[in-house]
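Worksheet: one structure, shown below.
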Amino acid sequence: MGIQVCPVTPTFVAEIGSVDLSQPLAVADDAAIKAAFWKYAVLIFPEQNLSPQQHIDFAQRFGPVETDRVLDPNVTPQRLDDSFADISNLAPDGKIWAEDSRQRAYKAGNRLWHTDSSFKYRPGLASMLYSRTVAPVGGHTEFADERAAYDALPQEAKRRLEGLVAEHSIAESRRKSGFTEFNADESRRLPPVPQVLARTIPESGRKSLYLAAHIGRVFELPEAEGRALAAELIAHATQRQFVHTHRWRPRDLVMWDNRCTMHRGTDYDDLRWVRDMRRTTVSDVANTCEQEGVVIPA
């Protein structure tokens with residue numbers, strides 16, 4: 001028997017059953033998972049028992065796993081190895097972080113609407129987040145369908161977006177959430193990068209917005225106008241009709257297409273409840289401007 005695909009809506013978010021991701025996948029199951037991913041953009045795999053290596057092995061079916069991290073480990077020690085982003089509230093010793101933790105201040109930016117690694121020249125394609133321990137109250141993840149949001153735009157707005165390029169930076173989104181304490185090494189490693197505002201998803205042919213809190217200016221527009229446009233588009237794409245909320249259970253693996261979704265974490269009592277989650281992200285094939293044939297602004 002093959003995998004079960006249970007859509008949450010006809011084109012956005014599906015639960016996947018009858019599959020054990022800790023085991024080698026049959027060719028047909030691998031193909032079915034990928035077909036579902038290209039269609040629904042967010043897949044939920046409940047009741048998975050994954051070791052770190054099994055998590056990485058599954059991610060590598062979709063591309064190379066990122067290993068470059070934002071924060072300097074000499075200043076902010078990591079709990080996990082470089083293949084994982086630590087989406088938890090735990091210090092390296094496994095205890096709940098302190099109220100004044102640098103990690104805590106930095107990760108406040110995860111509560112803004114974003115897509116993973118758009119601030120890298122070669123951005124993220126897919127992310128896989130695995131839950132070990134979840135907070136009993138709060139700590140959900142919201143996902144926004146940027147394909148449906150693009151479809152809902154007036155034609156004039158779609159025409160305006162053609163060829164427009166935005167500048168993405170991790171410093172921009174963290175400034176918005178109150179974190180500005182990057183050291184010289186962190187700032188040097190992650191300079192601002194260009195990404196298109198609208199793109200085509202090759203597997204489906206669907207057009208999609210490509211947005212994130214990482215956006216600062218929009219090239220060829222006055223800065224205030226560009227920032228206002230980005231804010232307006234994010235507000236449009238995160239209307240309730242485009243958003244799904246995932247309420248985590250232990251041992252969920254949720255994967256999403258960073259090319260056509262945004263997501264954000266919701267609040268929980270992070271000084272009381274343990275939330276132990278880890279994420280892999282695989283890189284896209286190239287910068288979005290290169291993929292869309294748009295000249296990268298000087």
Side-chain angles (χ1 to χ4, degrees), residues 13 37-38 40-44 55-56 58-71 78 80-88 103 106-131 139-147 166-174 176-177 179 186 189-197 199 201 208-216 230 234 237-238 243-244 246 248 252-266 275 277-288 291:
V13 188
F37 187 57
W38 309 138
Y40 297 106
V42 178
L43 299 183
I44 302 161
H55 185 165
I56 292 168
F58 178 66
Q60 287 175 332
R61 291 177 175 273
F62 291 83
V65 173
E66 292 183 353
T67 57
D68 50 334
R69 297 288 143 227
V70 174
L71 296 182
Q78 300 180 159
L80 306 175
D81 72 42
D82 286 342
S83 295
F84 293 98
D86 190 359
I87 313 300
S88 76
Q103 282 272 21
Y106 172 78
K107 290 178 183 176
N110 291 338
R111 296 196 292 270
L112 303 176
W113 285 107
H114 66 284
T115 189
D116 293 330
S117 296
S118 69
F119 55 84
K120 297 178 182 178
Y121 186 81
R122 184 180 175 185
L125 188 156
S127 291
M128 293 85 168
L129 182 56
Y130 181 58
S131 59
H140 312 314
T141 302
E142 296 180 317
F143 295 96
D145 186 351
E146 296 186 274
R147 305 163 304 174
E167 187 175 73
H168 290 237
S169 167
I170 189 65
E172 176 69 26
S173 60
R174 288 334 187 237
K176 292 172 181 173
S177 64
F179 182 87
E186 292 163 343
R189 286 188 289 106
L190 290 167
V193 300
Q195 309 286 1
V196 293
L197 276 172
R199 62 187 301 186
I201 308 305
S208 177
L209 294 171
Y210 189 60
L211 306 168
H214 308 309
I215 293 176
I234 290 173
T238 56
V243 172
H244 168 80
H246 180 67
W248 289 91
D252 277 350
L253 180 97
V254 178
M255 66 180 297
W256 58 89
D257 192 333
N258 284 302
R259 303 170 302 174
C260 58
T261 66
M262 282 189 291
H263 62 280
R264 68 176 180 181
T266 67
R275 187 179 193 254
M277 307 173 79
R278 54 202 64 196
R279 190 195 78 218
T280 54
T281 296
V282 300
S283 299
D284 204 348
V285 294
N287 179 269
T288 57
Q291 293 186 59

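With hydrogens and angles ignored, the 3.5 Å screen pairs a side-chain donor or acceptor of Thr288 with a backbone N or O of Val196. Side chain of Ser118 to main chain of Pro123: no donor-acceptor pair is present (N/O by atom type, distance under 3.5 Å, no hydrogens or angles). Judged by distance alone, the side chain of Arg278 and the main-chain N or O of Leu80 form no donor-acceptor pair under 3.5 Å. Gln291 contributes a side-chain N or O that, together with a main-chain N or O of Ala286, makes up a donor-acceptor pair within less than 3.5 Å. A donor-acceptor contact shorter than 3.5 Å links the side chain of Glu146 to the backbone of Leu211. For the pair Thr281 (side chain) and Glu66 (backbone), a donor-acceptor distance under 3.5 Å is absent. A donor-acceptor pair under 3.5 Å is formed between the side chain of Asn258 and the backbone N or O of Asp116. Formation of a donor-acceptor pair under 3.5 Å by the Gln195 side chain with backbone atoms of Lys120 is found in this model. At least one donor-acceptor pair closer than 3.5 Å links the side chain of Arg189 to the backbone N or O of Arg69. Without hydrogens or angle criteria, Asp252 side chain to Val254 main chain gives no donor-acceptor distance under 3.5 Å.
Lys107 pairs by the salt bridge (Lys or Arg N to Asp or Glu O under 4.0 Å) definition with nothing, not counting sequence neighbours.
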Steps toward side chain to side chain contact (heavy atoms under 4.5 Å, CB included) verdict (Val70, Arg174) = CA-CA 11 Å; Val70 174; Arg174 288 334 187 237; over 6 Å; no

request  = Kindly indicate, with the supporting measurements, whether the criterion side chain to side chain contact (heavy atoms under 4.5 Å, CB included) is fulfilled by Thr280 and Phe62.
outcome  = CA-CA 11 Å; Thr280 54; Phe62 291 83; over 6 Å; no

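Distance check, rounded to the nearest 0.5 Å: CE of Met262 to CG of Asp145 gives 10.0 Å. Atom OG1 in Thr141 sits 12.5 Å away from atom CZ in Arg111 (nearest 0.5 Å).
Here the closest heavy-atom approach between residue Ser88 and residue Asp86 is recorded as OG-OD1, 2.7 Å. Residues Ala41 and Thr261 come closest through the heavy atom pair CB-CG2, 3.8 Å. Nearest heavy-atom pair, Leu209 versus Ala237, reported as atom, atom and distance to 0.1 Å: CD1-CB, 4.3 Å. Contact between Leu112 and Lys176 at its shortest, heavy atoms only, is CD1-CB, 3.9 Å. The two residues Arg259 and Tyr210 make their nearest non-hydrogen contact at O-CD1, 3.6 Å. The heavy-atom pair separating Gln78 from Leu71 by the smallest distance is OE1-O, 4.5 Å.
Checking His263 against His114 by side-chain atom types alone, a donor-acceptor pair falls below 3.5 Å. Looking at Ser173 and His214, their side chains do bring a donor and an acceptor atom within 3.5 Å of each other.
In this structure, Asp284 pairs ionically with Arg199, as a charged nitrogen and a carboxylate oxygen lie closer than 4.0 Å.
You'll find the side chain of Arg147 stays beyond 4.5 Å of the side chain of Asp257, heavy atoms only.
The aromatic rings of His55 and Tyr130 sit perpendicular, their planes meeting at an angle over 60°, well past the 30° parallel limit.
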